[in-house]
Every structure is written in C-alpha cells, then in structure tokens.
Amino acid sequence: MSTADRDRWNARYADGAYESRRHPSPFLEQNAQALPENGRALDLACGAGRNAIYLANRGFAVDAVDISRVALERGRADAGELPIRWIECDLDDGFEASVDYDLIVNIRYVNLPLVSTLVKSLRPGGVLVIEQHLATAADVIGPKNPAFRVETGELSRVASGMVVEQIDEKEFDDPDGRRAALARLVARKPSAGESELTPT
C-alpha cells in the first residue's frame, strides 16, 4: 500500500469506522474447536483487534499486524493487559515472521503470496484460518475491485501440503443479513509422520 492508503485507513478508524464491530469473526468463532488450545497466533490485517482480543482471551499470545496506527491504538486500549503485541506494518511490503506460530488468521485481507510464505512459519500441527471475498458475478456485498477477491481454488493452492479440515467457496449470509460470496479455509500443518490427506 502507499502512504495514501495508510492515511486513508487511519482516517477511517479515526472517524469511528467499525466501532461497533467488537465481536470476533463468526467464521473464526465457529471453528474454535479446530484451533490449538493455546500457543502463539498471528492475526494478519487485524484492524482494531477484534480477532486478536478473542484469541488472547482463549489463551494465545498474539502478534496483531495492521497498517493503521489508529486501529492498533484502539485495539491496544481495548485489550488492556492481554498478551498481544501490536505491530504497525504495511503487509503489502511483506512481513517476516520472527517466531513460529501455532495459528495464523487471515480474515478478508487479500495477499495470498504472503500467506503462502508465512505458512512455512507454522509449527507442525499449527492451523491456518482464512476467509476472503470470492470472485463472483452475483450481486453481493464486498469489494468491487477484483484484486480484493480470490478466485475459486486459490485457497486450496495456499493450503498445498496441509491437512484441509474445511473449505467452502459459495454465498453466505453475513451477520448483518446481507449476502456475501466467500472463500473459507481451515487447514492444519501435518505433524511429523502424518499424511497430508483431507479428513473425510
């Protein structure tokens, strides 16, 4: 992203954008049973930290990364003493993992080459959770620019070599009742000696 993009996101959060969105991603919450019990988590494009706070309350130490300083400040204020490291970073320029993770969460920020690279930093048994807007001709909510949507099959390629626990590419009802076309994935890095087969 450019400096203009950073300024735009800072202005959006300063104006109160997403102020009411304090609940975690429903997809993340619905798959809580598939997550590790604890460990270290990475929340990419965390915004004001709704998912990072949810994970920290579940026992994770979280690295929460976003381009917007204003969003991170809001998250830091909401999180209090929870074990979250707030990192200002333009993810379009990349992000180098300094530790191994037990969980990586990527909700509606499209940078699949980055995610593919970061999967290497998942520990054996670590879990990847992704939800993206899906490319479609249907009248659904979400970005009009196709660069901010993923094509059918792209998440499967990101999860190559992983155990795919769940993958869905279809229309869903968002929590506010509006229709959305989404690609959703939960995948696990095989433990030592485990085959890379999708559970039946």
Discussion item. I need the I104 CD1 to L44 CG distance, nearest 0.5 Å.
Written reply: 7.0 Å
Worksheet entry | Side chain proximity check, V186 to F27, heavy atoms < 4.5 angstrom | yes
Discussion item. Using every non-hydrogen atom in the two residues, find where A159 and A187 come nearest and quote the distance to one decimal.
Written reply: CB-CB, 4.0 Å
Worksheet item: Any side-chain heavy atom of L112 sitting closer than 4.5 Å to one from L155?
Response: yes
Worksheet entry | salt bridge (Lys or Arg N to Asp or Glu O under 4.0 Å) evaluation trace for D173 with R179 | CA-CA 5 Å; D173 286 326; R179 203 69 176 156; 3.0 Å; yes
Item to complete: Flag the pair C46 / V105 as yes when at least one side-chain heavy-atom distance between them is below 4.5 Å, and no otherwise.
Response: no
Worksheet item: Quick one: does D78's side chain have a donor or acceptor within less than 3.5 Å of a partner on A48's backbone?
Response: no
Worksheet entry | Donor-acceptor under 3.5 Å (E151 side chain, A135 main chain) | no
Discussion item. Under the criterion side-chain contact (heavy atoms from CB on, under 4.5 Å), I'd like the reasoning laid out for V158 against L128: C-alpha separation, chi angles, the key distance, then a yes or no.
Written reply: CA-CA 10 Å; V158 171; L128 173 66; 4.1 Å; yes
Discussion item. Determine whether a donor-acceptor pair (N or O, by modelled atom type, separation under 3.5 Å) exists between the side chain of S121 and the backbone of L118.
Written reply: yes
Worksheet item: Which one of E171, H133, R149 satisfies the side chain to side chain contact (heavy atoms under 4.5 Å, CB included) criterion with L182?
Response: H133
Discussion item. What verdict does the side-chain contact (heavy atoms from CB on, under 4.5 Å) test give for E169 and E154, after you've listed the backbone C-alpha separation in whole Å, the side-chain angles of each residue and the deciding distance to 0.1 Å?
Written reply: CA-CA 10 Å; E169 297 170 318; E154 283 195 280; over 6 Å; no
Discussion item. Can a donor-acceptor pair be found, under 3.5 Å and without considering hydrogens, that links the side chain of N51 to the backbone of S25?
Written reply: yes
Discussion item. So does Y109 get a backbone contact from the side chain of Q132, meaning a donor-acceptor N/O pair under 3.5 Å?
Written reply: yes
Worksheet item: Taking everything shown except E81 itself, do over 12 heavy atoms lie less than 6.0 Å from its CD?
Response: no
Response to the item:
Residues V150 and V110: closest non-hydrogen pair is CG1-CG1, 4.1 Å
Discussion item. Just verifying a value: how many Å separate D63 CG and C89 SG, rounded to the nearest 0.5 Å?
Written reply: 11.0 Å
Item to complete: Return yes if some donor-acceptor pair links the side-chain N/O of D43 with the main-chain N/O of A64 below 3.5 Å, else return no.
Response: no
Discussion item. Quick check for you: to the nearest 0.5 Å, what is the distance between E131 atom CD and L185 atom CG?
Written reply: 11.0 Å
Item to complete: Give a yes or no on whether F148 and I130 share a hydrophobic cluster (residues Ile, Leu, Val, Met, Phe, Trp, Tyr; joining criterion: side-chain heavy atoms under 4.5 Å apart).
Response: no
Discussion item. Minimum heavy-atom separation for A45 and D66, please, with both atom names.
Written reply: C-OD1, 3.3 Å
Worksheet entry | Atom of A41, atom of L55 and distance for their closest heavy-atom approach | CB-CD1, 4.1 Å
Worksheet item: Would you say L122 and V129 are hydrophobically clustered, going by side-chain heavy atoms of ILVMFWY under 4.5 Å?
Response: no
Worksheet entry | Side-chain donor/acceptor of R184 to backbone N/O of I167, under 3.5 Å | no
Discussion item. According to a hydrophobic-cluster definition based on side-chain heavy atoms being under 4.5 Å apart (Ile, Leu, Val, Met, Phe, Trp, Tyr only), do V99 and I87 belong together?
Written reply: yes
Worksheet, complete the sentence: Heavy-atom nearest pair, P36 first then F60, reads O-CZ, 3.1 Å
Discussion item. Among residues at least two apart in sequence or on other chains, which ones pass side-chain contact (heavy atoms from CB on, under 4.5 Å) with A79?
Written reply: I53, L82, I84, W86
Discussion item. Quick check against the 3.5 Å criterion: does D102 have a side-chain atom that pairs as donor or acceptor with the backbone of R40?
Written reply: yes
Response to the item:
Of all heavy-atom pairs linking A32 and R58, the shortest is O-NH2, 3.4 Å
Worksheet item: Any chain of hydrophobic side-chain contacts (each under 4.5 Å) joining I67 to V62?
Response: no
Worksheet item: After noting the C-alpha distance and the side-chain angles of D93 and R6, does the key distance pass the salt bridge (Lys or Arg N to Asp or Glu O under 4.0 Å) rule?
Response: CA-CA 12 Å; D93 292 336; R6 186 187 302 271; 5.7 Å; no
Discussion item. Return the CD to CG distance between E29 and L35, rounded to the nearest 0.5 Å.
Written reply: 10.5 Å
Practice prompt. Say whether, by atom type as modelled, one donor and one acceptor occur between the side chain of R50 and the main chain of H23 under 3.5 angstrom.
Written response: yes
Worksheet item: For N38, what residues pass the side-chain contact (heavy atoms from CB on, under 4.5 Å) criterion, not counting sequence neighbours?
Response: none
Worksheet item: Do L28 and V115 share a hydrophobic cluster, counting only Ile, Leu, Val, Met, Phe, Trp and Tyr and linking them when any side-chain heavy atoms are less than 4.5 Å apart?
Response: no
Discussion item. Regarding E88 and R69, does a basic nitrogen lie under 4.0 Å from an acidic carboxylate oxygen?
Written reply: no
Practice prompt. Report yes if some heavy atom in the side chain of V65 is under 4.5 Å from a heavy atom in the side chain of L42; otherwise report no.
Written response: yes
Worksheet item: If we only count heavy atoms from C-beta on, is the P113 to N111 side-chain gap below 4.5 Å?
Response: yes
